[in-house]
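Hydrogens, waters and symmetry mates are skipped; everything else that's a heavy atom, side chains included, is used. Please read all numbers here as calculations on a predicted model, not as lab measurements.
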Amino acid sequence: MQKYVCTVCGYVYDPQQGDVDNGIKPGTAFEALPDSWVCPVCGAAKDMFEPEK
């Protein structure tokens, strides 16, 4: 699964890890995250992420 990087702070969302602290289970693809999900480090919106190169 594709990893995504926050363009504001550099946090990498790894689908294999999920975001357990915010209720996102491991194995959750970035595209499947709710639109209300924000970067757990800086609070940037989901649309501030881009695919990791």
**Q** Below 3.5 Å, can you tabulate the donor-acceptor pairs from side chains in residues 32-51 to any protein atom, sequence neighbours excluded?
**A**
from  : atom 1 : to    : atom 2 : distance (Å)
Trp37 : NE1    : Asp19 : OD2    : 3.0
Lys46 : NZ     : Phe30 : O      : 3.4
Lys46 : NZ     : Leu33 : O      : 2.7

**Q** Taking all atoms of both residues into account, what is the closest heavy-atom pair of Met1 and Thr28, and its distance?
**A**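 Closest approach of Met1 to Thr28, heavy atoms only: SD-C, 4.5 Å.
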**Q** When you measure from the side chain of Glu52 to the backbone of Gln2, do you find a donor-acceptor pair of N or O atoms at a distance under 3.5 Å?
**A**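 No, the answer is negative, given that no donor and acceptor are paired below the 3.5 Å cut-off.
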**Q** Residues two or more places apart in sequence or in another chain: which of them pass side-chain contact (heavy atoms from CB on, under 4.5 Å) with Pro26?
**A** Val20
**Q** Which residues satisfy the side-chain contact (heavy atoms from CB on, under 4.5 Å) test with Gln16, sequence neighbours excluded?
**A**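 Gln16 satisfies side-chain contact (heavy atoms from CB on, under 4.5 Å) with Asp14 once adjacent residues are dropped.
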